[in-house]
Amino acid sequence: MRLTCKIGTKNIKVVEVQPYEPLHILLKKLNIEDKNTKFIFNGITYSMSSILTFQEIGLTGDARIAINNQGIAGF
């Protein structure tokens, strides 16, 4: 599935993930080192360092998520 990730105010990246993969795969695919980074999906905030899978949070198809991290918000 394709995730369109809005990072900060101007940066958008699209990554491919599988529903059975853990959320922390996003840290690697988006090249983010800060494990405190979170993302918002369907109005709920999730930690990107979580071992939950995309399937467990109900994300099983193409979607848009917003990445929330103070350190990268302006870039």
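Any value given below was found using the heavy atoms of this structure, including those in side chains, with hydrogens, waters and symmetry copies removed. Computed from a prediction, not measured in an experiment: that's the story for all the values here.
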Given side chains that start at C-beta, do those of Leu59 and Ile65 come closer than 4.5 Å, heavy atoms only? yes
How long is the gap from CG on Leu3 to CD on Glu16, to the nearest 0.5 Å? 8.5 Å
Provide the full list of ring pair (Phe, Tyr, Trp, His ring centres under 6.0 Å) pairs with a residue in residues 12-47, sequence neighbours left out, each pair given once. Phe39-Tyr46
Indicate yes or no: at least one non-hydrogen side-chain atom of Ile44 is less than 4.5 angstrom from one of Ile57. no
Inter-residue atom distance Thr45.OG1 - Asn42.CG, 0.5 Å rounding: 11.5 Å
Taking only residues two or more places apart in sequence, or in another chain, which ones meet Glu21 in a side-chain contact (heavy atoms from CB on, under 4.5 Å)? Val17, Gln18, Ile25, Phe54
Quick one: CG on Leu23 to OG1 on Thr53, what's the gap to the nearest 0.5 Å? 7.0 Å
My understanding is that only residues two or more places apart in sequence, or in another chain, count here; which of them pass side-chain hydrogen bond (donor to acceptor under 3.5 Å, both in side chains) with Thr60? none
Mind listing the closest non-hydrogen atom pair of Ser50 and Pro22 along with its distance? O-CB, 4.3 Å
Sequence neighbours excluded, the answer for side-chain contact (heavy atoms from CB on, under 4.5 Å) partners of Asp62 is Met1, Arg2
Nearest 0.5 angstrom please: Leu27 CG to Lys35 NZ, how far? 7.5 Å
Joint cluster assignment, Leu30 & Leu52, ILVMFWY side-chain distance < 4.5 Å: yes
In this structure, CG of Leu26 is separated from SG of Cys5 (nearest 0.5 Å) by 5.5 Å
Over 12 foreign heavy atoms within 6.0 Å of NZ, Lys29: yes
What distance do Asn11 atom CG and Lys6 atom NZ have between them, rounded to the nearest 0.5 Å? 10.5 Å
Residues forming a salt bridge (charged side-chain N to carboxylate O under 4.0 Å, His left out) with Arg64, sequence neighbours excluded: none
Test side-chain hydrogen bond (donor to acceptor under 3.5 Å, both in side chains) applied to Ser47 - qualifying residues, sequence neighbours left out: Ser49
Tell me, yes or no, whether the heavy-atom count around Glu33 atom CD, taken from other residues, nucleotides or ligands under 6.0 Å, exceeds 12. no
